[in-house]
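Written out below as structure tokens is the structure these notes cover.
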Amino acid sequence: MPSENNTAESLASGSFKLERYNKNIEDQLVEQWEKEQVYKFVDDGKKPVYVIDSPPPFTSGKLHMGHILSFTMFDIVARFKRMNGYNVLYAQGWDTQGFPTEVKVEKKYGRLPREQFVEKCHEWTEEYMEHMRWQAKHFGFSADWSREYVTLKPDYHKKVQLSLVEMYKKGDVYMAEHPVFWCPHCHSALAKAETEEIEREGTLWDLRFEIEGQPLIIATTRPELLHAVVAVAVHPNDERYKGLIGKTVTTPLGKEVPLLADEDVDMEFGTGAVMIATFGDKQDVVWMYRHKLPYIKAMDEHGRLINAGEFDGLKVAEAKQKVIEKLKAEGKVLGEKKLKQVVKIHDRCKKPVELLMSNQWFAKLLPYKEDIKKAAHEIRWHPDFGIHYLLDWVNTLEWDWVISRQRYFGTPLPFYVCPKCGHTEAVADDELPFYPEKAKGMKCPKCGADMKPEEAVADCWVDSSITPLVVAGWPDEGWEKYYPSDLRPQGIEIVRTWAFYTIYRGLRLTGEKPFKHVLLHGHVMGPDGKKMSKSLGNVVDPKDLLDKYSADAIRLWVAFSGTLERDRPFMYDQVKRMQNLVNKIWNASRFVQLVTEDYNGEDEPLTLTDKWILSRFYEVVNEYMKHMEEFNFYQAVTALTNFFWEEFCDNYLEFVKYRVYNDINKRSAQKVLRTVLEGVLRLYAPFAPFLSDYLYRAIYGKGTLHKGPLPTAGEIDASAVTYGKVLKESAEAIRRLKKKKGLSLKDELDSVELELPKEAEPFRQALEDELKKTVFVKAISWSLLTSKE
RNA sequence: GGGCCCGUAGUCGAGCGGCUAAGACGUUCCCCUUACAAGGGAAAGAUCCCAGGUUCGAAUCCUGGCGGGCCCACCA
């Protein structure tokens with residue numbers, strides 16, 4: 001491919017062959033960076049280390065706009081820090097295991113034996129990951145790919161399992177029978193964080209219970225749970241039922257249960273009497289424990305009723321119908337109305353969730369709520385209100401974390417369970433990574449029976465909640481040096497999961513918070529301002545964008561689309577504008593190269609105009625640095641671009657043309673052109689890594705600019721700033737006048753009257769000379785402004 | 001019900017106590033000026049959601065509305 005050669009040649013030789021930006025250079029640079037190992041983390045001990053605990057995206061097939069937005073932001077931080085004097089440890093991982101892949105694989109291959117099934121999941125994931133990795137590189141993400149981690153790999157399993165074994169030994173991980181959220185569709189326990197809520201229309205039936213021969217009407221949406229009713233409850237102050245408390249109620253199915261008083265009962269709802277079934281909802285669980293009620297298992301793992309006599313084996317929806325039919329026939333349904341109700345669903349399969357008593361593995365959270373809050377306060381949150389998301393969540397925690405999932409594609413829990421006495425043991429360290437199908441086995445130390453290897457796998461948040469440790473190299477020697485991470489960037493919506501679990505696990509495993517700063521980002525909405533979704537047809541695919549625009553234009557859009565934490569609509573027009581900026585930078589660079597080709601490094605005193613643009617540049621450097629340190633990319637890139645486009649391109653370049661064309665103070669102009677352009681390219685580098693590196697190599701011929709340094713501000717000459725400001729404003733006024741008189745900009749104007757601020761008076765002559773030569777005017781008369789109005 | 005965030009030109013959005021309230025898109029007019037028409041030059045367009053208050057001074061702070069969004073809790 002000849003064009004490829006062309007690009008490669010210009011990369012190598014420092015020449016500038018391309019007239020226009022060509023996407024070809026992106027492929028070239030991806031390759032070049034890899035060859036030169038530009039982003040490899042090397043701790044040479046000479047620079048401070050900056051560790052980024054970047055989110056491992058779920059391997060869903062391809063990166064979506066949300067990934068592009070967030071990873072661009074993270075990458076901007078990484079590149080900025082790298083150029084600004086840090087050895088940056090920026091590892092990219094992949095979150096691979098879990099329901100979504102299982103669902104897809106099952107759909108494609110049907111049900112397979114465990115080992116085969118997991119193998120297919122691996123194949124599937126591997127293919128997806130390859131594509132996503134390619135995308136990440138072509139958006140210029142500067143991770144050190146030699147430190148990549150993948151949660152399905154045995155070495156990762158080993159770390160996760162070791163972390164669980166350690167927590168087990170401390171008593172933080174235990175097995176117990178407890179009500180858990182259960183997805184009958186996926187046949188697995190779920191954590192609270194894996195549930196979502198939807199509103200739907202349900203039916204509320206008034207059913208006839210009886211107490212001492214009198215009817216007692218109870219409203220319920222779940223008649224299919226009548227067989228699991230263990231009590232009826234009323235409010236203690238409810239006049240209607242005073243005197244009946246403690247008596248026996250007969251359910252419509254003929255079962256006898258006690259009538260209880262409990263303050264949680266809402267007197268206003270229905271008839272003020274509520275049936276307690278194990279379990280209709282979480283309130284039932286609370287009541288069961290509070291009143292020491294018996295537990296009746298209402299349904300099995302597949303959501304089919306059990307202990308329900310004639311209704312055994314029916315699924316919930318069907319049972320509901322059948323029960324109502326029967327009760328109607330018996331005249332026990334006294335009312336029926338529609339009711340908007342909120343139902344908990346599994347966030348992955350979107351099917352309703354039930355509560356089930358089940359033997360599961362838990363991680364102890366409740367005793368550590370205060371520790372977690374304390375650690376949260378030691379972390380700096382950007383924006384600062386982000387901490388509320390975490391504190392609110394911790395405050396509402398009521399149960400420990402259910403970490404076991406009855407699935408296959410996940411990290412096996414490293415435990416043995418005695419089938420005889422229920423005793424549990426952790427797998428020995430030398431048996432890690434542990435896979436139940438290859439388990440060595442173990443005798444129960446309590447009763448001597450053969451213990452069974454646990455077959456459940458870990459919740460995927462168990463995998464991802466140790467990333468700061470994994471990135472640091474835990475548990476191998478030296479990991480303490482890179483823990484805690486300096487930065488945890490992540491989405492605001494997973495504070496209650498990823499951030500929370502990571503803080504918890506970090507604290508329990510190391511005694512220290514896992515990261516120093518959290519950077520939260522908002523999301524990309526569709527061009528219509530609504531959440532992107534297939535059904536709305538407003539999904540923007542990064543692939544299409546990358547075909548059409550330079551990666552840098554898309555990255556620049558991210559920085560320009562608003563402040564970090566807020567959601568923003570995606571807008572094609574803005575990306576086009578950024579493509580224009582890319583071209584502007586390209587063309588300005590070409591101009592500089594063209595007019596400085598014969599620059600010989602000779603020194604020459606700077607003119608006022610030169611000092612002006614340099615001083616303004618230094619001011620921008622200061623502003624840029626301040627904003628970047630605060631993760632305020634928008635402000636940084638806006639200041640830079642306003643300077644570059646308006647002052648440098650529209651004015652300075654015009655002001656020096658007569659000098660470089662006519663060899664008047666040419667050396668100083670050349671020197672300043674090269675200095676400012678180089679600085680501008682460096683400042684753009686974190687945002688537009690392809691463009692800036694290509695141009696830098698082409699013009700300055702010194703290899704990559706991505707290793708830094710960033711430009712530093714020099715002396716700001718206040719009088720030159722004043723001079724430049726008046727020069728620029730005068731030039732603009734002259735252009736306006738020409739426009740008014742219908743002249744073109746290169747036509748010479750006979751005379752013009754301009755205002756001269758008092759502080760610029762000493763420069764009257766210089767201004768006049770420069771204006772005459774740069775904006776073509778014969779005579780200037782000044783009116784002196786004595787004070788600022 | 002509780003908490004948090006947000007209401008700035010047709011659109012997107014900075015600014016968060018003090019200059020004529022950035023910038024971009026879009027609109028209108030002029031110009032192919034030798035880096036760039038993927039450009040340049042100009043113009044129009046904003047009771048900064050409403051009502052009070054604090055202040056010499058408020059888009060910016062406080063209180064109360066109204067409107068939008070997110071999270072949590074409850075929902076028999």
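Proteins come first, then strands; the chains are lettered A, B, ... in the order of their sequence lines, and each starts at number 1.
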Sorted by first residue and then second, give each side-chain hydrogen bond (donor to acceptor under 3.5 Å, both in side chains) pair with at least one member in residues 518-530 of chain A; sequence neighbours left out.
->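 Non-adjacent pairs meeting side-chain hydrogen bond (donor to acceptor under 3.5 Å, both in side chains): A:Glu493-A:His523, A:Asp528-A:Asn538.
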
Partners meeting side chain to side chain donor-acceptor pair (under 3.5 Å) with A:Asp262 (sequence neighbours left out) =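 Residues passing side chain to side chain donor-acceptor pair (under 3.5 Å) with A:Asp262: A:Trp287, A:Arg290, A:His291.
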
With sequence neighbours excluded, residues passing side chain to side chain donor-acceptor pair (under 3.5 Å) with A:Tyr684 |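 Residues passing side chain to side chain donor-acceptor pair (under 3.5 Å) with A:Tyr684: A:Thr641.
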
According to ring pair (Phe, Tyr, Trp, His ring centres under 6.0 Å), who are the partners of [X], at least two apart in sequence or on a separate chain?
X	answer
A:Tyr696	A:Tyr700
A:Phe269	none
A:His382	A:His517, A:Phe631

If you check the A:Tyr634 side chain, which of B:G41, B:A14, B:G39 turns out closest?
->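 The answer is B:A14.
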
If you check every side-chain atom of A:Arg577, which of B:C25, B:A14, B:C4 has the closest atom?
->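 For the A:Arg577 side chain, the nearest candidate turns out to be B:C25.
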
Do A:Lys773 and A:Asn662 have a side chain donor and acceptor closer than 3.5 Å?
->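 No.
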
Could you run through nucleotides 68-76 of chain B and give me one letter per nucleotide, 5' to 3': B if any protein heavy atom sits under 4.0 Å from the base, S if only the sugar-phosphate is that close, - if neither?
-> ---SSSSBB

Between protein and nucleotides 29-36 of chain B, map the contacts as a letter string: B base, S sugar-phosphate only, - none, heavy atoms under 4.0 Å, written 5' to 3'.
-> BS--B-BB

Below 3.5 Å between N/O atoms, which protein atoms pair up with nucleotides 58-60 of chain B? Just atom names and distances, please.
none

Does a nitrogen or oxygen in the side chain of A:Gln635 sit under 4.0 Å from OP1 or OP2 of B:A14?
->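 For B:A14, neither OP1 nor OP2 has a side-chain N or O of A:Gln635 closer than 4.0 Å.
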
OP1 or OP2 of B:G13 sitting under 4.0 Å from any side-chain N/O of A:Ser561?
->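 Looking at the OP1 and OP2 atoms of B:G13, neither is under 4.0 Å from any side-chain N or O of A:Ser561.
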
Does A:Val721 have any side-chain contact (heavy atoms from CB on, under 4.5 Å) partners at least two apart in sequence or in another chain, and if so, which?
->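 Residues passing side-chain contact (heavy atoms from CB on, under 4.5 Å) with A:Val721: A:Ser615, A:Glu619, A:Ile716.
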
For A:Thr563, report the nucleic acid contact type (base, sugar-phosphate, nothing); a contact means any heavy atom under 4.0 Å.
->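 The answer is sugar-phosphate, as A:Thr563 gets under 4.0 Å only of primed atoms, P, OP1 or OP2.
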
N/O donor-acceptor pairs under 3.5 Å from side chains in residues 633-640 of chain A, not counting sequence neighbours:
| residue | atom | partner | partner atom | Å |
| --- | --- | --- | --- | --- |
| A:Thr638 | OG1 | A:Tyr634 | O | 2.6 |

Identify every side-chain donor-acceptor pair in residues 570-582 of chain A under 3.5 Å, counting partners at least two apart or on other chains, and give the distances.
| residue | atom | partner | partner atom | Å |
| --- | --- | --- | --- | --- |
| A:Gln574 | OE1 | A:Trp557 | NE1 | 2.6 |
| A:Gln579 | OE1 | A:Ser550 | N | 2.9 |
| A:Gln579 | OE1 | A:Ser550 | OG | 3.3 |

